[in-house]
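Reading through the C-alpha cells given below for one structure.
Any value given below was found using the heavy atoms of this structure, including those in side chains, with hydrogens, waters and symmetry copies removed.
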Amino acid sequence: MQIEIIIIAVIVFLIMTASGQISLSQLVSDNQMLFLKLKESDWDFYVRARYGNAVNPDIYFNKRIKNALIAMVLAFFFFIQDLNSVKVLLIFVLGLFIYKMPYSDIKKYYKSHIHEIDAMLPYYLKGLEILIQHYTVPVAIGKSMTEAPEIFREGLQEMIEAINSGDDSIEPYMAFARKYPVRDSMRMMRLLYRLGLGRQERKQEQLLTFSRSISSLQQKARETRYKNRLEKMEGKTMSMLITTGIGVMILLVLAVVQLMGI
C-alpha cells in the first residue's frame, strides 16, 4: 500500500508541475538572491568557456537548483511514510549531489581543454602589446575587442566601461582577472594596470617587461600543448601494446588447448 501511495503522490506532483500549478521555476526566481549565494565563484567562467558568451550562466544555474529541488521532493515522497532525521539528512545529501554534479562535469570539461583556454589570454595580450605601443592602455583595450577571443569580450567591455566612468584604480583589471581565472591572469592584469599608470619615458621599459611576461605565458602554453600530445600518444601506444599482448595470450592459450586435445 505504501508503494501505491508514493507512486500516486509522485504522479500528482509531476502533473501539477507540468501544468504550472506548482512552479519550481517561479520558486527559484522569487528566491534568486538567496540561491545565488550558493553559486560557485568560477561557475560563470566555466559556462562561458564551455558554451560561449551567448549563453546566460544564470539560466544553467537555475536549472541546477530546480533539478536539485525536484530530486529532494521526490525523495521526500519516497521516505514520507517512515521519515526520520537520518532520512532527512539523506534527502539533503541527494539534493546537494544533484546540485553539484553539473558543476563537476563542466569543471572536468575545462580541465580537459585547459591548455586551449589558457592559451587564449597570452595570444590576445600579444596583439594588445602592439596596440599599446601606439595608444594608451584603455584605448588599446577598446581597439582590441574586435580581435579578442569571444570568451573575453564581455569582461573587456565591463573593464572599459568602468575605466571610462572614472575608475582609475586597479579594480577594473582585477575584476577581469576574477571573471576569467586562467593561468597568470591576475599577474598580467597587474602588469597591464602599471603599464597604464607609467609615465611616457618609462613606457618602453614597462612594455618590455610586459612583453617578456607574455612570451613566458606563450611558452608555457606551448609546453602544455606538447605535453598533452605526448601523453595522448603514450596512452595510444600503451593501449596498442595491451591489446597486442592480450591477443598473443589468447592465441597461445588456444594453441595449448588444441595441442592438449590432440
Side-chain angles (χ1 to χ4, degrees), residues 36-37 39-50 52-53 57 103 106-107 109-228:
L36 282 176
K37 293 180 180 179
K39 186 168 74 170
E40 299 83 358
S41 60
D42 50 4
W43 168 254
D44 290 359
F45 169 70
Y46 288 144
V47 172
R48 291 192 176 98
R50 176 66 178 86
N53 275 349
Y103 175 74
I106 205 167
K107 194 171 183 179
Y109 171 86
Y110 171 76
K111 288 183 176 179
S112 65
H113 295 78
I114 190 170
H115 59 284
E116 299 173 10
I117 299 171
D118 278 353
M120 292 180 182
L121 183 62
Y123 285 102
Y124 161 70
L125 292 175
K126 193 64 179 177
L128 183 62
E129 175 196 343
I130 298 172
L131 290 172
I132 292 175
Q133 295 176 9
H134 307 284
Y135 304 98
T136 62
V137 170
V139 172
I141 294 173
K143 288 184 175 294
S144 71
M145 286 181 58
T146 56
E147 302 297 329
E150 183 182 355
I151 189 175
F152 295 138
R153 289 177 188 171
E154 182 178 341
L156 291 171
Q157 183 64 42
E158 292 172 357
M159 185 197 302
I160 289 298
E161 289 175 356
I163 293 172
N164 290 340
S165 67
D167 189 349
D168 57 356
S169 69
I170 197 174
E171 180 54 31
Y173 298 87
M174 291 297 98
F176 177 88
R178 288 192 296 269
K179 191 180 185 72
Y180 306 104
V182 296
R183 179 192 292 137
D184 287 342
S185 59
M186 285 285 185
R187 183 171 66 88
M188 296 308 297
M189 287 302 106
R190 289 191 185 97
L191 287 173
L192 194 60
Y193 171 70
R194 290 169 188 160
L195 184 58
L197 288 180
R199 296 189 300 272
Q200 190 62 32
E201 57 270 20
R202 292 193 59 199
K203 184 175 181 178
Q204 288 303 318
E205 179 184 343
Q206 292 178 325
L207 194 58
L208 182 60
T209 302
F210 187 65
S211 178
R212 287 172 178 167
S213 298
I214 295 172
S215 297
S216 176
L217 280 181
Q218 289 178 319
Q219 181 62 30
K220 289 179 182 178
R222 284 191 291 269
E223 289 174 356
T224 302
R225 184 168 64 250
Y226 295 148
K227 180 181 177 183
N228 289 334

Show me the side-chain donor-acceptor pairs of residues 168-177 shorter than 3.5 Å, one per line, residues at least two apart or across chains.
residue	atom	partner	partner atom	Å
S169	OG	D167	OD1	2.6
S169	OG	E171	N	3.3
E171	OE2	R178	NH2	2.3

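- Applying the side-chain hydrogen bond (donor to acceptor under 3.5 Å, both in side chains) test to E150 and every residue at least two apart in sequence or in another chain returns nothing.
- Listed by chain and residue number, nothing satisfies the salt bridge (Lys or Arg N to Asp or Glu O under 4.0 Å) test with R153 (two or more places apart in sequence, or in another chain).
- Annotation: salt bridge (Lys or Arg N to Asp or Glu O under 4.0 Å) contacts of K126 (sequence neighbours excluded): E129.
- Here CG of L131 is found 11.5 Å from CG of L125. Values are rounded to the nearest 0.5 Å.
- The CD atom of Q157 sits 11.0 Å away from atom CE of M159, with the distance rounded to the nearest 0.5 Å.
- Under the side-chain contact (heavy atoms from CB on, under 4.5 Å) criterion, E154 pairs with R48, N53, E158, K179, Y180, not counting sequence neighbours.
- Evaluation of the side-chain hydrogen bond (donor to acceptor under 3.5 Å, both in side chains) rule for S144 yields Y124 as partners, not counting sequence neighbours.
- Annotation: side chain of Y193 is not in contact with side chain of V137 (no heavy-atom distance under 4.5 Å).
- For E40, the side-chain hydrogen bond (donor to acceptor under 3.5 Å, both in side chains) criterion is met by R64, K100, not counting sequence neighbours.
- One distance of note links CD1 of I141 with CG of L192; it measures 4.5 Å at 0.5 Å rounding.
- With rounding to the nearest 0.5 Å, the separation of CE in M188 from CG in L195 is 10.0 Å.
- With sequence neighbours excluded, the residues satisfying side-chain hydrogen bond (donor to acceptor under 3.5 Å, both in side chains) with D42 are Y46, Y103.
- The heavy-atom pair separating D44 from P57 by the smallest distance is OD1-CB, 3.1 Å.
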